[in-house]
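Just below is one structure, and these are the notes that go with it.
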Amino acid sequence: MKIATWNVNSLRVRLSQVLDWLSSAQPDILALQETKMTDDDFPGADIEAAGYRVVYAGQKTYNGVAILSRTEAQDTLTDLPDMQDPQRRVLAASYGEVRVLNLYVPNGSEVGSDKYSYKLDWLDRLAHYTRQQLDVHRHVVLLGDLNIAPEDRDVHDPAEWQGMVLCSEPERAAFRGLLALGLCDTFRHLEQGDGFFSWWDYRAAAFRRNRGLRIDHILASRELCERCTSCHVDKGPRRLERPSDHAPVVAEFDI
DNA sequence: ATGGTGGCGCGGCCA
């Protein structure tokens with residue numbers, strides 16, 4: 001089973017790239033973030049024509065999540081428990097015994113800001129929901145743009161990013177808290193070393209210089225982690241004309 | 001270089 005995540009930064013702009021990528025990569029499940037469109041505008045027919053089912057939770061201009069899949073989604077959920085939030089950042093769905101939690105974690109803007117407080121509160125609520133989901137489902141895959149670089153080796157220049165949003169200690173503690181619930185980072189389960197990133201700023205030729213962060217993740221519950229055979233970043237789409245600032249991350253599981 | 005680029009949507013916010 002091949003599962004991928006990709007922050008597309010507008011599905012309207014990136015639809016042809018997504019369809020091309022589905023055709024070449026052939027994932028079973030592709031979780032998208034930052035679709036930036038309302039449900040009325042969602043290009044469901046194009047995606048179904050490509051052989052995928054799709055569920056989505058969108059809004060105008062900002063945020064928006066979707067899951068494309070070979071099989072039909074069951075038991076979808078679009079809000080963290082006890083959280084009234086118009087921002088569409090959550091889409092959970094079941095595919096057989098696999099529970100997928102597709103997340104667009106708040107960026108946080110800058111440490112100390114209101115948006116940063118919102119991010120930490122959001123992550124706390126996510127941890128509670130994840131713990132509950134791990135109790136209920138045999139297999140859980142938590143993936144998406146988590147907007148956290150977990151360790152210094154996930155950062156092109158740790159000194160430059162020291163204490164900054166995406167890298168601050170409270171955010172990293174929240175990431176470790178998710179792992180402590182019984183999840184593993186599939187990328188680190190299999191890969192070693194540094195220089196592997198999933199996001200590069202559009203500015204200052206950051207991609208060409210590989211000045212990026214690893215902030216898009218695929219976390220898996222213990223049994224799935226043991227069955228994970230690969231996890232990698234596909235930099236191909238980031239090299240295209242008019243790319244998203246994120247690249248897809250892809251994990252394969254022997255299930 | 002307190003900027004830089006990109007998306008949305010048409011001024012300014014967000015990343």
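Remember, it's a predicted structure, so these values are computed and weren't measured experimentally. Within every chain, numbering begins at 1; the chains are lettered A, B, ... in the order of the sequence lines, protein sequences first and strands thereafter.
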**Message:** In this structure, how many angstroms lie between the P atom of B/dC8 and the OH atom of A/Tyr202, rounded?
**Reply:** 10 Å

**Complete:** Here the distance between atom C1' of B/dC14 and atom CG of A/Asn147, to the nearest Å, is 12 Å

**Message:** With rounding to the closest Å, how many angstrom separate the P atoms on B/dC14 and B/dC10?
**Reply:** 16 Å

**Request:** Check every atom of B/dC13, B/dT5, B/dC8 against the side chain of A/Arg203 and return the nucleotide holding the closest atom.
**Result:** B/dT5

**Asked** Over how many whole Å does the gap from A/Asn63 atom CG to B/dA15 atom C1' extend?
**Response** 10 Å

**Request:** Before giving the answer on ring-ring contact (aromatic ring centres under 6.0 Å, His included), spell out for A/His139 and A/Phe253 the whole-Å C-alpha distance, their side-chain angles and the decisive distance to 0.1 Å.
**Result:** CA-CA 11 Å; A/His139 299 307; A/Phe253 300 92; 8.9 Å; no

**Message:** Between B/dA15 and B/dT2, how far apart are the two P atoms, rounded to whole Å?
**Reply:** 23 Å

**Asked** When the distance from CZ of A/Arg238 to C1' of B/dG6 is rounded to whole Å, what number comes out?
**Response** 10 Å

**Message:** Would you measure the distance from the P atom in B/dA1 across to the matching atom in B/dG11 and give it in whole Å?
**Reply:** 34 Å

**B/dG9 and B/dT5, which share atom name P, separated by this distance in whole Å** = 22 Å

**Request:** Ignoring backbone atoms, test whether A/Lys60 places a side-chain nitrogen or oxygen under 4.0 Å from the OP1 or OP2 oxygen of B/dC8.
**Result:** no

**Prompt:** Can you tell me if the side-chain N/O atoms of A/Lys36 get under 4.0 Å from OP1 or OP2 in B/dG6?
**Reply:** no

**N/O (side chain, A/Ser10) to phosphate O (OP1/OP2, B/dC8) under 4.0 Å** = yes

**Message:** For A/Phe207, does the six-membered ring have the charged nitrogen or CZ of A/Arg239 within the cation-pi criterion, i.e. under 6.0 angstrom from the centroid and within 45° of the normal?
**Reply:** no

**Asked** Just how far, in rounded Å, is P of B/dT2 from CG of A/Asp201?
**Response** 16 Å

**Request:** Tell me what A/Tyr104 touches on the nucleic acid: a base, only sugar-phosphate, or nothing, going by heavy atoms under 4.0 Å.
**Result:** sugar-phosphate

**Prompt:** Just to confirm, is there a sub-4.0 Å distance from OP1 or OP2 of B/dG9 to any side-chain nitrogen or oxygen of A/Thr61?
**Reply:** yes

**Asked** Taking only side-chain nitrogens and oxygens of A/Arg12, does any of them come within less than 4.0 Å of OP1 or OP2 of B/dC8?
**Response** yes

**Message:** Keeping A/Glu34 on the side-chain end and A/Asn9 on the backbone end, is there a donor-acceptor pair under 3.5 Å?
**Reply:** no

**Request:** Measure the shortest side-chain to side-chain distance between A/Val141 and A/Ile218 over non-hydrogen atoms and say whether it is less than 4.5 angstrom.
**Result:** yes

**Message:** Can you see if the side chain of A/Arg242 gets near the phosphate of B/dT5 - specifically, an N or O under 4.0 Å from OP1 or OP2?
**Reply:** no

**Student check: side-chain heavy atoms of A/Asp154 and A/Phe196 closer than 4.5 Å** = no

**Message:** Rounded to whole Å, please give me the gap between CG in A/Leu11 and C1' in B/dC8.
**Reply:** 14 Å

